[in-house]
Every structure is written in C-alpha cells, then in structure tokens.
Amino acid sequence: MKHCCSLAKRFTAALLLGVTAASAQTLINGAGSTFDYPAFTKWFEAYGRTDAEVRFNYASIGSGGGQKQLLNETVDFGASDAPMKDTDMAGAPGKILHLPVVAGGVAIIYNLPGNPKLKMDGGVIAGMYLGQISKWNDPKIAALNPGVTLPDLPVVPVHRSDGSGTTFIFTDYLSVVNPTWATKVGKNTAVKWPAGIGLGAKGSEGVAGQVKQIPGAAGYAELAYANQNKIPCADVKNAAGNFVAPSPDSVSAALATASIPDDFRFSMVNPPGDKSYPIAGASWVLVYQQQKKPDHGKKLVAFLKWAVTEGQAISARLDYAPLPENVQQRELKLIDTIKY
Amino acid sequence: MQQTMSQPATNAPRTGAPGADRAFQWLTLLMALSVFALIALIGYELMRGARLSLHHFGWRFLVNSDWDPVNDIYGALPAIFGTLASSVIALLLAVPLGIGTAIYLTELAPLWLRQPLIMFIELLAAVPSVILGFWGMSVLVPWLRTLLFPWLQKLFGFLPLFQGPAGSGFSLLAAGIILAIMIVPIITSVSREILRSVPGLQREAAYALGGTRWEVTRIAVLSYAKKGLFGAVILGLGRALGETMAVMMVIGNSPQIVLKLFAPASTMASVIANEFNETPPAGLYPSALFELGLVLLGVTVVVNIFAQLLLKTFAGPSVKPQP
C-alpha cells in the first residue's frame, strides 16, 4: 500500500513537472501524409535533443487531411504525398510553399515459387494491372527474363484499396510510360482499377501481406515495406534502358536527374540517368510563406532547415532516399523566404 | 432519501421539492432529446458534406456503377450491392446458427452446460472486429482458397453463384462468413432472452396435448416468439450493414457487381474507410464519399423501418426483443 502511494505521488510529481516543462516549450502542430510519418517520428526525437524548447505533434491522417488542416489553419504545417492542386491553393488564405522532405521508391513485389529475380518494364507492369498479361509465363515477361523458368500461374495483381501517395506515384509512372494506361486509367491517389482484375488491400502492409500469401500475386509497395518483409522485388527498366533495383541510392539518383521547377511541385517518375530507379516520388511539407505566429514560425523554419540537411541521414536509415546536395541548397533558399 | 423510503406509500408523489422534481424531469427529457438531436445533426452534416455530389449526380449516384476518382465520376451501386450481398450471406449463415443455439440453450441443454456455453458466445461478441479481420485474412482466406472453394465448386458448380475462378480467397463469401461470426452472438443472446420470456404455461399446455419436444418447440415456443426472433435478426442485420474493418480486410475491395460467391467486392463502409484519408480537401471526391455515408445511413434506416412495418403485420401475441 505504501509502495503504491509513493508511486502515485511520484506519478503526480512527474505529471506536474511535465506540465511546467511543457509550458515553456513551443508546440508545433503538423498533420498529413502517413508515408512521412516514420521519418517525422525519428526527426522529432532527434531534433528534440538539439532544441529542447520545441515539441512536435504530428497527426498521421493522410495527405488530403493534411492539406485540409493547413487550409483551415489548424496546423503549423501539412504534409502531402502529392503536390496541391492550383484550385485548392487558390482557396488558401496565404501563399503555400512546397518543400520536398523525403523521397521514396515504389517497389514491384511478387510471389513466385523459388522466388526468381525478375526484370520488368512499364509495359509488363501495366499489362499485368490491365489484365493483358494474365499468366506468369507470358512471352512479354519471358522476353525480359531469359534463362528464368516462369511458372504457368495466373497473375494476381494487388493494388492499394485506400487512397495513397504510393498509388499516385505508381499510376503516375504507368501513365508516363504506357499510353493505354494513361487513357484507360490515369493517375491519382485512387483510380478506377480495371474491373475484375486483381485485388485491393489496405495499406502497404496489406498489399505486402496479400502478395506474401497468394502464389502468383504481384503488388507495389514502398521500398521500406518490401525490404522489411523480405519480399523479392523486380528490377525495373529506366528511361536510359537499364534495369535498376529499387534502393535509396537509385531513388536519390532519380531525384538528382529529375527536372525540378522552382515551386518544387514536380513529378520524378521515369527521369533520365543511367542509375535512376523510375518509380519514385517525393513527399512535401506544406507551409505558409507568411507565418502568423512569430514564435512558431521561427521554430518551424529552424526545424525545416535541419530536416532537409542533417535530418536526411536519419531518414535514410528508414529506407527513404536522401535529398541530393543541389536539391538541399535550393530548398534552403526557399525556406529563407518564410517570414514570421 | 432515507426519509422518503420510510414514509408510507401514497398514490401521489411527494410534493416536498417541486422545483427539483421538475428540474429532474426536464433534465432527463433533455437527455432523451439529445439522441434525436445527435442523429439529426449527423444527417445534416452528411447532407452538407454531400451537397456538391448530390447536386452534380442527383439520382444517378445510386444507379451508376462507375467509381472513377481520376475522371471524377462516382456511383454507389457496386458498394450498395456489396453491402447488401455480404449482409444477406451473413444472415443466411448466422440466423439458423444463432436461433438454433438459442433453442438449444433455453429448451434442450442440460442446466450445467448452459452457463459455460453462454459465456463462450458472449466472449465471441467481445472479440474486436480487427482481430476477426486479421484471423480472416491469415487463416480463413487461405483455407477458403485451398479447401472450401474447390469443394463447393465440385458440389454446386452447376449454379452460376458458385462459378468463376476460385481466385485468391478474398471474396464476398469470406466477408459473409466473417460477418456471420460477428452477428451470431447478438442473434443468439437476443433470441435466448426472447425464448426465455415465453411463458412456461405455453409449453406445459403443448406437452399436455401430447406434443413431442420438437412439436412443443415449434408450436408453443417458436410461433409465440417469432416476432421477437425477427427483431433479433434485424438487430444482427443492422450490425452487418455497417461493419467496416473486418469486412475491408477480407472482401478484396474491388468495386464490381458480380453475383458470384468467390468474386471480390466492396461495401459502402469499406470504401469510405479506405479512401477518405487521402481525398483532396475539396471537390467532388470527398463529397461523393459523404454521400456514400448518407446512403449507408439511409439504407440502415430503411431496413429498420421495413422491419418495424413487417413486425406490425405479424398477427397474434408475441414477445418483443429487449436487448
């Protein structure tokens, strides 16, 4: 009983201490992309050690939610896997800046007996999802993979059933490399998948889970999920004609060669470059150029500068591709234009 | 309070503190009204969110089977179909099982067995839906794919319902089975309460006429309780219509209208839960999802009203469910 009381006292004391400590801190609120969430978590933890006066609160509610919260000015920053549309930005109370903070690759994963290493190109991937390639021993797959014995198994393409930045990158890539895809399906965070072909699963973990379970399944997932689940992924043919394995390095290479406009609203699928992995995309932090709360603005700017430079080494450990040096420098200049 | 207890009972309530009494009455009235207000508010907010889509698509929203976020064309028909089809499958499986269990528990089971059985059934109701979904995904679905589907196809392959490729196991039938597991406890426990409240005299009279156990159950108990049992089924249906998580994990999330047990489908609840996170802040897409929610609310209300009307047409004395 005595022990319990002392525990309760200590708990109360800790609570009080926590409250007094928190009141001296600036609390920065963010919301948005689930894709960024692991990176933010690590960053907040590491950044907290360099600046104890700031605390972060990030709600991983999805890119659309992040944009909405920013437009309603209920958060200090939003995070989104797709750049904002002009029509949405027009309704904003101030100018919104796009800052790419992480980049990631989308791996094509599959489940075949013996787990052979496969090569694919945009035509094959689009063909599987359009239902044109229904068996694994299809001549189109065989032509890219001489020497690999392909089984006579039906292809079960698995896609994300939830709206997702990963789907945006994947369909963006297919729309760029395959005209049939561009006219029949198009690109978005959610699309109308060709009827009666394949399955939908929620989240990258859902796609990875179903692919692992169904022999003959193929899917797409963030590189981190494919790596963590140890699912084989295909080497994908890039714009230069090379087959490249997805990795943080090959995505960084793609970022370095992608053409990036000054407002940083860009798509980086299928960029030139020998070592670029073609199915990759960035995720953005969205902030107002004119900050309304000076103390929040100051802390946010310091954090963003840290995140696009020093933070990149931390996010790289989570299989996000580090931003290349030239992109970092350009972003620092843009961050400097934030007023508070 | 103790004074009140010790006073002799009178017909009129004590008028010591009329103000407090009235205040209490108003307070409870307010609480009762707040439920209506809440439902009205939910309906209003859904309408408000769906305004754009309501205006743009009109009635076509209900009959269009396209769901195409790229071209901003939205139709609810596949999701409505999936919701109704998976719920009907669930009822077909769960009603005989639930009512049968309830009959066994109240009429036939030895006394020592009743309590443990009831406890297990209630335990089933306590399993969180995401756990059931997880089980469904990792155990039920592979089992359906490798064992049940081929077997069913061998037996009933001549029926269109059972045709088509057995595929991956993620299907309408998988969703129906998971839903059935979720609603069996509700149907069982409500049915049990209803059967228990059938007066013993009914049974004794039937036995006195020389009825067998089956006859007594059928004539004296079931026909007496049918209205209440129907109510139990509707309560189960209500849960099946709105269930989201577990269904989403096993149905395969493919918005298509195919009346085949082994084909994947999608439901209204699963589409909303799947897509709402990543919709843009404004425009037709989020509005269409709001309207889907409105339709789901509408379908649930219609099912309940239909059930009430059906209940009224039943003749004879009956027992109502008291959940």
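A note on names: the letters A, B, ... follow the listed sequences, proteins ahead of strands, and every chain is numbered from 1.
Proximity to chain A (any heavy atom under 4.5 Å) is shown, for Ala263(B), by neither the backbone nor the side chain. Proximity to chain B (any heavy atom under 4.5 Å) is shown, for Val158(A), by neither the backbone nor the side chain. Both the backbone and the side chain of Ser63(A) come within contact range of chain B, judged by heavy atoms closer than 4.5 Å. Both the backbone and the side chain of Glu275(B) come within contact range of chain A, judged by heavy atoms closer than 4.5 Å. Only the side chain of Tyr285(B) comes within less than 4.5 Å of a heavy atom of chain A; its backbone N, CA, C and O stay farther away. Using a 4.5 Å cut-off between heavy atoms, Ser138(B) touches chain A through backbone and side chain atoms alike. For Pro215(A), the part lying under 4.5 angstrom from a heavy atom of chain B is the side chain only.
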(message) Walk me through whether Arg145(B) and Ile214(A) qualify under side-chain contact (heavy atoms from CB on, under 4.5 Å).
(response) CA-CA 9 Å; Arg145(B) 179 176 65 230; Ile214(A) 306 167; 3.6 Å; yes

(message) Evaluate Gln213(A) against Phe170(B) for side-chain contact (heavy atoms from CB on, under 4.5 Å), listing each step before the verdict.
(response) CA-CA 11 Å; Gln213(A) 227 190 62; Phe170(B) 294 92; 4.1 Å; yes

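Across Val191(A) and Pro69(B), no two heavy atoms sit closer than the pair C-CD, 3.8 Å.
For the pair Val141(B) and Gln210(A), the minimum side-chain heavy-atom distance is 4.5 Å or more.
Interface summary for chain B: among Ala190(A), Ser161(A), Gly163(A), Gly62(A), the most heavy-atom pairs under 4.5 angstrom belong to Ser161(A).
A donor-acceptor pair is defined here as one N or O able to donate and one able to accept, closer than 3.5 Å; such a pair exists between the side chain of Asn253(B) and the backbone of Gly200(A).
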